[in-house]
Amino acid sequence: MLYTSKEDFDGIWRHFLDLDRDYGAIKSRLRQNDEIMRSAIGCGEGIRILNQELWETVVSFIISASNNIPRIKGIIERLCEAFGDRIEYRGNTYYSFPDAETINALSLSDLAVIRAGFRDKYIKAAAEAVVNGDLSLDTLRSMPTPEAKKALMSVKGIGNKVSDCILLFGLGRADSFPVDVWIKRIMEYCYFDGEQPIKVISEFAENKFGALGGYAQQYLFFYARENKIGA
DNA sequence: CACCAGGTAGATC
DNA sequence: GATCTACATGGT
C-alpha cells in the first residue's frame, strides 16, 4: 500500500503514473486495429506508460543496450547506492539517482563499481554532454520529436532504439515506437512472414498505430514476453 | 564452452 | 547506403 499526502499525490504521483489519461479510450481504439491488438491488450489491461524523470531515463536506457532486465536493475541500483544521496524515510534507506554533474565528475575507474561493462563510457558521455550544454534536457522538452531524436542521437551510446525509449518514457512522445528484439520478433511473427529490417517494422507501426504507437508497443512488448515469442 | 540479453559505434564493401 | 563485429558482464 502506498501512503502519500494529497499534495504529493497531485504534485508528483498523478503525473508520474499518468493517471489523468483515458486508457479505456486508448485501448478501445487500438482494439479496433486487429485481433492481435485485442489479444495483446487482453494480457496487459493495466499497463500504463510512466512519465519518468528525464535524466534518469537517459542513463537507464543507455544501460539497457544489449543487456537483460535483472542486470539493468542491478546496475542502476549500484549507480544510485554508490553515487546518489542517501535518503532515510520512515525507517527505510533509499538512494537518489545521481545527477549529471555528479556522474561527469567520476572517472571510468570510479564507475567500474557499478559493473556496467562497455556502457560506462556512454554514461559518462551523456553526463558530459548535459554538463557542457551539448545536450540541453530543458530544450529537448520543447523540441519537435524528430529534432529531439537527432539531438539525443548525437550522444555516443544513444542510438535509434534508446532514443525512441527516451522520447517515449522521458519526454512523453506517445507516438514513439521503440523496436527492440522482443518487438522485432513479435511484429515479425504477427504481421510479417519472416525477418524484416527494423526500418520496415518501424514504418509499418507508424502507419498502423500512428499517435498511439507507444501504447501499442507496450501492449505488444508484454504480450511477447508473456508468450515468450522467440525466447 | 557457446550463446544470449529492452543496441551501438566503427570499419568495411 | 546496407551489412559485419567487438563490446563487459552475468546467466543458462
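- Distance A:I62 CD1 to B:dG6 P: 18 Å, rounded to the nearest Å.
- Across the protein-nucleic acid pair, A:K73 atom NZ and C:dG11 atom C1' stand 16 Å apart, rounded to whole Å.
- Atom CG in A:L108 sits about 16 Å away from atom P in C:dC7, given to the nearest Å.
- Using a 4.0 Å cut-off between charged nitrogen and carboxylate oxygen, A:E88 and A:R86 count as a salt-bridge pair.
- OP1 or OP2 of B:dA5 lies within a sub-4.0 Å distance of a side-chain N or O belonging to A:R185.
- Computed from coordinates, the A:L220 CG to B:dG6 C1' distance equals 14 Å when rounded to whole Å.
- Going from atom CG of A:N68 over to atom P of C:dC7 covers 20 Å, rounded to whole Å.
- Taking only side-chain nitrogens and oxygens, A:K121 never comes nearer than 4.0 Å to OP1 or OP2 of C:dC7.
- Considering every non-hydrogen atom in both A:A127 and A:A100, the closest pair reads CB-O, 3.6 Å.
- Within the 6.0 Å centre-distance limit, the rings of A:F204 and A:F192 are counted as a close aromatic pair.
- For A:I72 and B:dC4, the CD1 to P distance is 18 Å, given to the nearest whole Å.
- Judged purely by distance below 3.5 Å, without hydrogens or angles, the side chains of A:T57 and A:Q52 never pair a donor atom with an acceptor atom.
- Comparing the P positions of C:dC4 and B:dG6 gives an interatomic distance of 23 Å, to the nearest angstrom.
- In this structure, A:F61 places its CZ atom 12 Å from P of B:dG6, rounding to the nearest Å.
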When every nucleotide of nucleotides 7-13 of chain B is labelled 5' to 3' by its protein contacts under 4.0 Å (heavy atoms), B for base, S for sugar-phosphate only, - for none, what sequence of letters results? BSSS---
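- Using a 4.0 Å heavy-atom distance criterion, A:R119 is classed as a base contact.
- Among the atoms of the strands shown, only primed sugar atoms or phosphate atoms (P, OP1, OP2) are found under 4.0 Å from some heavy atom of A:R115.
- Across every non-hydrogen atom of A:R119 and A:R71, the tightest pair is NH1-NH2, 3.3 Å.
- Annotation: A:F83 is not in aromatic contact with A:Y95 [ring centroid separation under 6.0 Å not met].
- Across the protein-nucleic acid pair, A:E77 atom CD and C:dG10 atom P stand 14 Å apart, rounded to whole Å.
- Summarising the local packing, CD of A:E53 is surrounded by more than 12 heavy atoms from other residues, nucleotides or ligands at distances under 6.0 Å.
- Between C:dA8 and B:dA11, the distance separating the two P atoms is 15 Å to the nearest Å.
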